[in-house]
*Asks:* 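Have a look at this one.
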Amino acid sequence: MEPSQLFKGYNFLLVPFLRTKLASFRHNLYTKNGATLYPTINQFAKQVKKFNSELIPDYYDSEEALHYTTIIVVEDEEKLTDMTSLSSYLKVPKSGFPLDEYKVLRLAWVTDSLEEKKLLPYSKYLFSFPEQKGKVKRERESESLSDVKEEKEPSKKRKRKSVDEEHSLIFEKLASPPKIEDIKKKVLADSESLRASTPESDEEDLKNMSNNELIIHYFSQMAKERKVEGLQFKSLSYLRAINAIKNAPKEIECREDALSIPKIGKSLADHCVEIIETRKFGQLKRQQESTEAHVMKELQKIHGVGAVISEKWFNHYGVRSIPDIFEKVPESEFTDAIKLGLYYYYDWNQKIPREEVTAHSEFVSDVGKKIDPKFIVQTVGSYRRETKTCGDVDFFIMKEDCNDETKLSQFLTTLVKELFKSGYLKCSLFPAHDQLLKFLTGGQLTDKKFCRRVDFLAVKWKYRAGALIYFTGNDILNRYMRTLANNKGLRLNNEGLFKPKRRVIDEANKMGIRLSKMHFKEDDWTLVEGEDEEKIFNLLGLRYLEPKDRNIGNLSEIGGFRL
DNA sequence: AGGCAGTACTG
DNA sequence: CAGTAC
DNA sequence: GCCT
């Protein structure tokens with residue numbers, strides 16, 4: 001390979017600094033391409049000193065520049081177990097050294113960059129220690145959306161921006177989606193390097209399953225298939241049936257057994273019989289094998305793409321794969337949300353290990369505490385339901401006795417700004433408006449590989465329980481509770497449990513429609529309960545469910561809950 | 001035959 | 001308003 | 001796809 005000077009101006013701290021033949025060969029390659037290599041901090045620090053005195057005597061600029069161009073390259077991942085081992089390999093002096101302010105990248109970043117003849121974004125190559133507990137580091141620059149090349153040229157004259165200017169700049173940057181070229185690049189790179197994890201096909205387990213377990217197994221897959229097809233209510237029927245089967249007193253042996261279970265009608269009973277007798281579900285298999293279903297499923301994993309858009313892309317534009325989208329679908333079809341959905345296609349479809357969500361929680365709540373310790377930042381969603389993995393991270397914000405939306409909004413705005421400045425927040429799925437109470441974004445911890453979906457919701461104190469129930473979910477429980485409320489002439493929403501005022505009842509009667517169909521106007525309904533979760537459950541005639549018992553309809557659910 | 005949760009955001 | 005997401 |  002001819003020297004490209006690709007890494008010109010870059011400092012590589014190599015850990016461990018290996019002296020094998022192969023390593024020497026690699027090191028030679030790095031230096032040929034312009035990199036300067038360092039085995040220990042001591043030698044690097046000398047360079048830092050020189051760097052700082054030679055360049056503009058502006059601490060801010062020079063340090064920042066150094067951060068852009070200094071990379072810790074992990075040459076042997078197995079030898080690095082934690083921060084301590086990293087320090088010892090680099091021989092960090094007693095006086096200390098801010099190691100955690102530098103990017104720690106896997107060797108693959110260097111080799112892939114050489115291969116591609118360009119500096120690749122760091123995001124996919126961030127090294128993280130195995131089993132690392134939630135300790136999180138800050139990063140100085142916000143990467144990801146901008147190209148690495150832009151980052152390595154720090155602006156020479158960085159003047160202090162006014163608060164307003166900085167504010168609008170941050171939100172502008174958060175809101176603007178990446179360029180199509182960059183999206184394409186990342187999506188293609190992801191689909192290559194990070195081959196889709198093989199779907200767990202547990203043929204063996206199927207044989208050992210009881211009738212009911214097998215039916216649930218197939219039904220839950222069928223629910224997904226129906227949803228992808230856009231048949232949301234059929235999908236819902238399967239989910240409801242699953243829950244009913246879980247609560248059924250005995251094994252389903254025949255058609256009558258199935259029909260005796262609520263939510264199982266003629267059609268589902270037939271499916272049950274087929275599954276019991278053949279241990280297979282033909283309709284499901286055919287569905288799963290059709291290319292249309294397969295492609296639609298892939299497309300709908302893009303945030304912002306649902307049943308209608310995926311169908312259009314499949315039939316009208318002939319899209320058959322994710323990379324296909326860039327060839328066949330006109331750019332005008334991409335909303336900002338879809339652009340982000342594509343850019344983070346791979347990231348956002350990964351399950352998040354519970355431990356990582358804990359790390360997110362600690363990081364975000366620490367930032368929140370520094371802004372104002374009186375605000376409570378609680379992690380809800382599936383994390384609160386104690387699931388082992390989460391699809392996203394949900395943050396719930398409130399402050400004791402605070403029902404002032406302006407105050408809540410101010411806090412959330414500041415929080416978002418700080419999180420952006422620290423490099424954690426990467427994007428926003430819709431522009432932040434003046435009363436910022438809800439914010440949907442992507443967030444990434446510096447030592448983690450993936451950007452995650454992160455949601456924020458700030459709520460008034462008096463509505464905290466209603467909001468908490470809503471935001472904790474799961475969705476099936478939410479729907480069930482709202483239906484229950486309707487049946488009692490009440491109304492449950494994101495704020496709390498409401499009862500109708502006299503005149504609404506009269507009006508509904510006069511119009512001959514159900515109360516729940518009445519347009520919800522604050523004036524027409526009285527808040528019954530919004531501060532106590534347990535009271536809301538009880539008012540609906542339910543026993544209180546601990547968050548961990550709210551995974552209704554989930555395969556991993558234990559115990560079951562009678563809906 | 002009509003409902004199936006209720007709300008908020010984009011375009 | 002339709003579409004999507006929470 | 002089930003229930004009313």
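Numbered from 1 within each chain, the chains take letters A, B, ... in sequence-line order. Just so we're clear, the structure is a prediction, and the values are computed from it rather than from any experiment. All heavy atoms count here, side chains included; hydrogens, waters and symmetry mates do not.
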*Asks:* When rounded to the nearest Å, what value does the distance between P atoms of B:dC4 and C:dC6 take?
*Replies:* 22 Å
*Asks:* What residues, two or more places apart in sequence or in another chain, satisfy salt bridge (charged side-chain N to carboxylate O under 4.0 Å, His left out) together with A:Arg255?
*Replies:*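 With sequence neighbours excluded, A:Arg255 shows a salt bridge (charged side-chain N to carboxylate O under 4.0 Å, His left out) to A:Asp270, given in chain and number order.
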*Asks:* Across the strands shown, which category fits A:Leu231 at heavy-atom distances under 4.0 angstrom: base, sugar-phosphate, nothing?
*Replies:*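 It contacts nothing in the nucleic acid.
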*Asks:* Taking only residues two or more places apart in sequence or in another chain, which ones pass salt bridge (charged side-chain N to carboxylate O under 4.0 Å, His left out) with A:Lys388?
*Replies:* none
*Asks:* Just the rounded figure in Å: distance from P of D:dT4 to CG of A:Asn487.
*Replies:* 10 Å
*Asks:* List, one per line, each side-chain donor-acceptor pair under 3.5 Å for residues 390-403 of chain A, sequence neighbours excluded.
*Replies:*
from, atom 1, to, atom 2, distance (Å)
A:Asn403, OD1, A:Trp461, N, 3.1
A:Asn403, OD1, A:Lys462, N, 2.9

*Asks:* Please report the distance, rounded to the nearest Å, between CG in A:Leu340 and P in B:dT10.
*Replies:* 13 Å
*Asks:* Whole-Å distance between D:dG1 C1' and A:Ile242 CD1?
*Replies:*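 Distance, rounded to whole Å: 13 Å.
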*Asks:* Scan residues 453-463 of chain A against DNA chain C and write down, sorted by residue number, each residue with any heavy atom closer than 4.0 Å; if none is found, say none.
*Replies:* A:Arg453, A:Asp455
*Asks:* Between C:dG3 and B:dA1, how far is it from one P atom to the other, in whole Å?
*Replies:* 24 Å
*Asks:* Determine whether the side chains of A:His217 and A:Glu213 contain a donor N or O and an acceptor N or O closer than 3.5 Å.
*Replies:* no
*Asks:* Output all residues satisfying salt bridge (charged side-chain N to carboxylate O under 4.0 Å, His left out) with A:Glu327, sequence neighbours left out; order by chain, then residue number.
*Replies:*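 So A:Glu327 forms a salt bridge (charged side-chain N to carboxylate O under 4.0 Å, His left out) with A:Lys184.
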*Asks:* Atom CG of A:Asp394 and atom P of C:dC6: how far apart are they, to the nearest Å?
*Replies:*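 So the CG-P distance, A:Asp394 to C:dC6, works out to 9 Å.
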*Asks:* Using a distance-only test with no angle check, is there a side-chain donor-acceptor pair under 3.5 angstrom linking A:Tyr345 and A:His303?
*Replies:* no
*Asks:* Kindly write out the residues that satisfy side-chain hydrogen bond (donor to acceptor under 3.5 Å, both in side chains) with A:Lys369, not counting sequence neighbours, or none if the list is empty.
*Replies:*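 A:Lys369 satisfies side-chain hydrogen bond (donor to acceptor under 3.5 Å, both in side chains) with no residue once adjacent residues are dropped.
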*Asks:* For DNA chain B, what residues of residues 317-339 of chain A have any heavy atom nearer than 4.0 Å?
*Replies:*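 Close to the strand are A:Thr335, A:Asp336.
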*Asks:* Watson-Crick or G-U wobble partner for C:dA2, using a 3.5 Å limit on both distances?
*Replies:*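 Looking at the geometry, C:dA2 pairs with B:dT10.
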*Asks:* Return the value, rounded to whole Å, for the distance between atom CD of A:Gln435 and atom P of B:dC9.
*Replies:* 11 Å
*Asks:* Distance check, C1' atoms only: B:dA8 and D:dG1, in whole angstrom units.
*Replies:*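 About 29 Å, rounded to a whole number of Å.
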*Asks:* Given atom OH of A:Tyr238 and atom P of D:dC3, what is their separation to the nearest angstrom?
*Replies:*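 For the pair A:Tyr238 OH and D:dC3 P, the rounded distance is 14 Å.
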*Asks:* Among pairs that include at least one residue of residues 305-325 of chain A, which meet salt bridge (Lys or Arg N to Asp or Glu O under 4.0 Å), considering only residues two or more places apart or in two chains?
*Replies:*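 Salt bridge (Lys or Arg N to Asp or Glu O under 4.0 Å) check on residues 305-325 of chain A returns A:Lys312-A:Glu333, A:Asp324-A:Lys328.
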*Asks:* Which pairs, with at least one residue in residues 289-308 of chain A and sequence neighbours excluded, count as a salt bridge (Lys or Arg N to Asp or Glu O under 4.0 Å)?
*Replies:* A:Glu225-A:Lys297, A:Glu298-A:Lys301
*Asks:* Could you check whether A:Arg279 and A:Asn211, counting side-chain N and O atoms only, form a donor-acceptor pair closer than 3.5 Å?
*Replies:*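 Their side chains do contain a donor-acceptor pair, which is all the 3.5 Å distance test asks for.
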*Asks:* At under 4.0 Å between heavy atoms, which parts of nucleotides 1-8 of chain B does protein reach? Answer with one letter per nucleotide, 5' to 3': B base, S sugar-phosphate only, - none.
*Replies:* ---BBBSS
*Asks:* Can you name the residues that form a side-chain hydrogen bond (donor to acceptor under 3.5 Å, both in side chains) with A:Ser310, not counting sequence neighbours?
*Replies:* A:Gln300
*Asks:* Rounded to whole angstrom units, what separation is found between the NZ atom of A:Lys263 and the P atom of D:dC3?
*Replies:*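 A:Lys263 atom NZ is separated from D:dC3 atom P by 7 Å.
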*Asks:* How many whole angstroms separate atom CG of A:Asn349 from atom P of C:dA5?
*Replies:*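 Checked: the CG to P distance equals 11 Å.
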*Asks:* Does any pair with a residue in residues 272-298 of chain A pass ring-ring contact (aromatic ring centres under 6.0 Å, His included), and if so which ones, sequence neighbours excluded?
*Replies:*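 Listed once each, the pairs are A:His271-A:Phe281.
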*Asks:* A:Ile309 side chain: which of D:dG1, B:dT10, C:dG3 is closest?
*Replies:*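 So the nucleotide nearest the side chain must be C:dG3.
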